[in-house]
A.B. asks: 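Handing you this structure, nothing more for now.
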2 protein chains.
Amino acid sequence: MQNCKTCIIRSKAVNTLNPKELNILMGSCAETTFSPRESIMKEGILSSHIAYLKSGLAMVSKKGSKGIDQVLKIVEPGNYVGLQTVLFEKVNQFSVMALEKSVVCFMDNQSFKELIKRNTEFANELLSFVCREELNYFERFVNTHQQNINGRMADLILHFSEKIYQSNNIEIPLTRGDMAALICSTRESVARSIRDFTQEGIIKVIGKQFNILKPEKLTEISKE
Amino acid sequence: MQNCKTCIIRSKAVNTLNPKELNILMGSCAETTFSPRESIMKEGILSSHIAYLKSGLAMVSKKGSKGIDQVLKIVEPGNYVGLQTVLFEKVNQFSVMALEKSVVCFMDNQSFKELIKRNTEFANELLSFVCREELNYFERFVNTHQQNINGRMADLILHFSEKIYQSNNIEIPLTRGDMAALICSTRESVARSIRDFTQEGIIKVIGKQFNILKPEKLTEISKE
DNA sequence: GTAAATATGTGATGTATATCACATATCAAC
DNA sequence: GTTGATATGTGATATACATCACATATTTAC
């Protein structure tokens, strides 16, 4: 059973809560485990809970005007999902899918709002969280259009290698199609980009297993 | 001289402040007028103030990995600029330029943070503001890649016509280059797109003056 | 284990749009 | 007004990528 008081990976925001407030949180909190590829949240469905990724890895995506899903973000443990929606939208503005076996805490909308009103530190931490996230999107938005496919693909691999797994030998839990949706391309172009990198001896790939042999080359290519 | 107590266009956030808090705000608030094309905020400069657009129109842009400026947003009166940066970044993450004669209130970082800590309603309104803004970016990010130039250009014209000026006969205070930076394209492609629309009798354009003859056609094209 | 579904790789081809080059128009400064 | 700077329009050309088509591999379901 979940216990927010002893939760190891609780957010900076939750750290600001006093015992009484923690009880409010715990009373409206439910923990669920998801298998890889399982849906955590679905775009268009009435939003009733905020999700907090306790462990695992997840992917946030959104449908565009042509109905094609685009990946907005890969979410790592210790992050909220759906904050943007919950505070004043009625339906979820995006979908969330588990990429690895993941544990998610669902918190009731109303109780969460109650905590924001009660505790300024809490609100402040959330504000800081959302702002930081937004700056990342700015960065991504601006760069995506100034990089070619190889550059974006290099960034993707580096992100998983350096930021998420901190290893040069990793398994990227995405299909080629997911990767395409993440870097705004197509599965064919992703495959070709991977082939290019492989032929130049920059990476070695077997299925989803990526071995990065020359990370410095990727950093270079990411500037293209 | 500015007076936050009698300010007509003050933000929902400021509306939550009590007289004492309003005094804090007024004490750290300075109003400045900008001419069209004048720089309001510059990327990379130490951030010391939050800006609030009281009147006029402004444009937020950011440099990408190749050093090219991309327009993130057109800012209308009644909106904050730089919130994201101010709360925990040391330097401005983007530039802001006036598009029309604009009046901007600059608020001292520290006093602003102080208000967030003192007043939960205030923090809550800001959180709501940032979240709403972020959802807009999601929308834009996802759509930009699923529309062609004409679709994006149609959206640009409709945005100025319907959202900003509420008229079919408008002056868009952007150069063709600005428009390109806004819709992730080039000035040449923008010119060609405008020519296409003109030839089809959808719009009539003289310089920056746009007369929208068939808005419904633009709506249709925006889905491309 | 077998069959069906899903994912992946790769060549051939098409196309949207960037880039280049230059003419013309508009704006700003003196 | 004149001059230089900046902005705009437009054809020709190049090119990065998407799209299509199909072969093969891998996963999932029964």
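In what follows, chains carry the letters A, B, and so on, assigned in the order in which the sequence lines appear, proteins first and then strands, with residues in each chain numbered from 1. Keep in mind that this is a model prediction, so the values were computed, not measured.
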A.B. asks: Identify all side-chain donor-acceptor contacts of residues 193-208 of chain B below 3.5 Å with residues at least two apart in sequence or on another chain.
C.D. replies:
unit_1: S193(B); atom_1: OG; unit_2: N150(B); atom_2: OD1; d: 2.6
unit_1: T198(B); atom_1: OG1; unit_2: I194(B); atom_2: O; d: 2.7

A.B. asks: Kindly write out the residues that satisfy salt bridge (Lys or Arg N to Asp or Glu O under 4.0 Å) with D155(A), not counting sequence neighbours, or none if the list is empty.
C.D. replies: none
A.B. asks: List the residues meeting side-chain contact (heavy atoms from CB on, under 4.5 Å) with A98(A), not counting sequence neighbours, and say none if there are none.
C.D. replies: F34(A), I40(A), S102(A)
A.B. asks: Under 3.5 Å between N/O atoms: give me all the protein pairs with nucleotides 12-15 of chain D, atom names plus distance.
C.D. replies:
none

A.B. asks: Which residues pass the side-chain contact (heavy atoms from CB on, under 4.5 Å) test with S11(A), sequence neighbours left out?
C.D. replies: A13(A), V14(A), Y52(A), Y80(A)
A.B. asks: Polar atoms only, N or O, under 3.5 Å: list the protein pairs with nucleotides 23-30 of chain D and their distances.
C.D. replies:
none

A.B. asks: Only counting residues at least two apart or in another chain, list the ones meeting side-chain contact (heavy atoms from CB on, under 4.5 Å) with E134(A).
C.D. replies: F138(A), Q84(B), V130(B), E133(B), E134(B), Y137(B)
A.B. asks: Can you tell me which residue pairs pass the salt bridge (Lys or Arg N to Asp or Glu O under 4.0 Å) test with a partner in residues 96-110 of chain B, sequence neighbours excluded?
C.D. replies: none
A.B. asks: What integer distance in Å separates Q146(B):CD from dA18(D):C1'?
C.D. replies: 14 Å
A.B. asks: Residues in side-chain contact (heavy atoms from CB on, under 4.5 Å) with R132(B), at least two apart?
C.D. replies: F88(A), S128(B)
A.B. asks: So, using ring-ring contact (aromatic ring centres under 6.0 Å, His included) as the criterion, who are the partners of H145(B) when residues are at least two apart?
C.D. replies: H145(A), F141(B)
A.B. asks: Using the C1' atoms of five pairs at each end, what's the angle between the two axes of the helix from dG1(C)-dC30(D) to dC30(C)-dG1(D), to 10 degrees?
C.D. replies: 60°
A.B. asks: So, does T175(B) get its side chain near the phosphate of dA7(D), meaning an N or O under 4.0 Å from OP1 or OP2?
C.D. replies: no
A.B. asks: For residues 210-217 of chain B, tabulate all N or O donor-acceptor pairs below 3.5 Å that involve a side-chain atom, not counting sequence neighbours.
C.D. replies:
none

